[in-house]
Novice: 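Take this structure, written in C-alpha coordinates, and hold onto it; I'll ask about it next.
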Amino acid sequence: SPGFSADGQKVALPYGSREVVEVSPTTGEVVSRQSLPFGPILRALYVGSQLLVVGARWEGDVWVADEPFPAQSISR
(Lines give C-alpha, C1' and ligand atoms only; values in the text may rest on other atoms or scores of the structure.)
Protein backbone atom coordinates (compact mmCIF):
# COMPACT_ATOMS: atom_id res chain seq x y z
CA SER A 1 0.00 0.00 0.00
CA PRO A 2 1.26 3.53 -0.67
CA GLY A 3 2.75 5.67 2.09
CA PHE A 4 2.28 9.46 1.96
CA SER A 5 4.79 11.90 3.43
CA ALA A 6 3.47 14.25 6.14
CA ASP A 7 3.72 17.26 3.81
CA GLY A 8 2.00 15.39 0.95
CA GLN A 9 4.91 16.03 -1.42
CA LYS A 10 5.91 12.36 -1.89
CA VAL A 11 4.26 8.96 -2.11
CA ALA A 12 6.30 5.80 -1.46
CA LEU A 13 5.23 2.83 -3.56
CA PRO A 14 6.58 -0.71 -3.27
CA TYR A 15 7.58 -1.77 -6.79
CA GLY A 16 8.19 -5.46 -7.35
CA SER A 17 9.49 -7.37 -4.38
CA ARG A 18 12.68 -5.42 -3.61
CA GLU A 19 12.25 -1.87 -4.82
CA VAL A 20 10.60 1.30 -3.50
CA VAL A 21 9.76 4.23 -5.76
CA GLU A 22 9.04 7.71 -4.39
CA VAL A 23 6.71 9.70 -6.63
CA SER A 24 5.43 13.27 -6.62
CA PRO A 25 1.63 12.97 -6.36
CA THR A 26 1.07 16.26 -8.18
CA THR A 27 3.29 15.63 -11.23
CA GLY A 28 3.69 11.83 -11.25
CA GLU A 29 7.47 12.32 -11.54
CA VAL A 30 9.68 9.66 -9.96
CA VAL A 31 11.64 11.46 -7.22
CA SER A 32 13.78 8.48 -6.19
CA ARG A 33 14.09 4.74 -6.70
CA GLN A 34 15.77 2.47 -4.18
CA SER A 35 16.67 -1.19 -4.51
CA LEU A 36 16.75 -3.04 -1.21
CA PRO A 37 18.83 -6.07 -0.12
CA PHE A 38 15.78 -7.84 1.29
CA GLY A 39 12.29 -8.68 0.22
CA PRO A 40 9.47 -9.00 -0.14
CA ILE A 41 8.57 -5.48 0.90
CA LEU A 42 5.57 -5.48 3.19
CA ARG A 43 5.06 -1.71 3.63
CA ALA A 44 6.67 1.63 2.79
CA LEU A 45 5.73 4.59 4.99
CA TYR A 46 7.07 7.84 6.34
CA VAL A 47 8.02 8.53 9.94
CA GLY A 48 8.38 12.29 10.03
CA SER A 49 10.42 13.05 6.93
CA GLN A 50 12.20 9.67 6.89
CA LEU A 51 11.15 6.78 4.68
CA LEU A 52 10.69 3.51 6.59
CA VAL A 53 10.50 0.24 4.66
CA VAL A 54 9.24 -2.93 6.32
CA GLY A 55 10.16 -6.21 4.70
CA ALA A 56 10.47 -9.90 5.32
CA ARG A 57 13.78 -11.69 5.34
CA TRP A 58 14.17 -15.43 4.92
CA GLU A 59 17.01 -17.40 6.45
CA GLY A 60 17.25 -21.15 6.56
CA ASP A 61 15.29 -23.80 4.74
CA VAL A 62 11.67 -24.47 4.02
CA TRP A 63 10.62 -28.08 4.61
CA VAL A 64 7.54 -29.80 3.29
CA ALA A 65 6.45 -33.12 4.76
CA ASP A 66 3.77 -35.35 3.32
CA GLU A 67 4.56 -38.48 5.33
CA PRO A 68 3.77 -39.18 8.98
CA PHE A 69 6.77 -38.62 11.20
CA PRO A 70 8.75 -40.75 11.63
CA ALA A 71 8.35 -42.01 8.08
CA GLN A 72 7.20 -45.60 7.83
CA SER A 73 7.75 -47.93 4.92
CA ILE A 74 4.64 -49.00 3.08
CA SER A 75 4.42 -52.61 1.86
CA ARG A 76 2.46 -53.17 -1.30
Side-chain angles (χ1 to χ4, degrees):
S1 63
F4 289 86
S5 63
D7 62 4
Q9 297 298 310
K10 292 188 264 183
V11 179
L13 302 165
Y15 182 75
S17 64
R18 295 184 178 202
E19 215 170 356
V20 173
V21 177
E22 288 184 288
V23 178
S24 167
T26 54
T27 65
E29 178 185 351
V30 174
V31 178
S32 75
R33 181 182 297 253
Q34 300 176 26
S35 293
L36 304 168
F38 58 85
I41 295 170
L42 302 176
R43 183 92 196 267
L45 59 120
Y46 291 91
V47 177
S49 62
Q50 299 294 311
L51 177 61
L52 174 66
V53 179
V54 179
R57 182 175 175 166
W58 285 92
E59 288 187 22
D61 296 326
V62 175
W63 293 72
V64 177
D66 295 68
E67 299 289 327
F69 187 80
Q72 301 171 0
S73 61
I74 299 172
S75 299
R76 293 182 188 203

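In this text the structure is predicted, and so the values were computed from the model without any measurement.
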Novice: Same cluster or not: F4 versus V21, using hydrophobic residues (I, L, V, M, F, W, Y) connected whenever any side-chain heavy atoms lie under 4.5 Å apart?
Specialist: yes
Novice: How would you list all residue pairs meeting salt bridge (charged side-chain N to carboxylate O under 4.0 Å, His left out) that involve residues 45-54, not counting sequence neighbours?
Specialist: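 Checked against salt bridge (charged side-chain N to carboxylate O under 4.0 Å, His left out) - neighbours excluded - no pair reaches residues 45-54.
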Novice: Hey, can you pull the donor-acceptor pairs under 3.5 Å for the side chains in residues 23-30, sequence neighbours left out?
Specialist:
from: S24; atom 1: OG; to: T26; atom 2: OG1; distance (Å): 3.2
from: S24; atom 1: OG; to: T27; atom 2: N; distance (Å): 3.4
from: S24; atom 1: OG; to: T27; atom 2: OG1; distance (Å): 3.2
from: T27; atom 1: OG1; to: E29; atom 2: N; distance (Å): 3.1

Novice: Which pairs, with at least one residue in residues 6-18 and sequence neighbours excluded, count as a side-chain hydrogen bond (donor to acceptor under 3.5 Å, both in side chains)?
Specialist: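 Matches after skipping sequence neighbours: S5-D7.
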Novice: Report all side-chain donor-acceptor pairs from residues 33-50 shorter than 3.5 Å, counting only partners two or more places apart or in another chain.
Specialist:
from: R43; atom 1: NE; to: S1; atom 2: OG; distance (Å): 3.2
from: Y46; atom 1: OH; to: E22; atom 2: OE2; distance (Å): 2.4

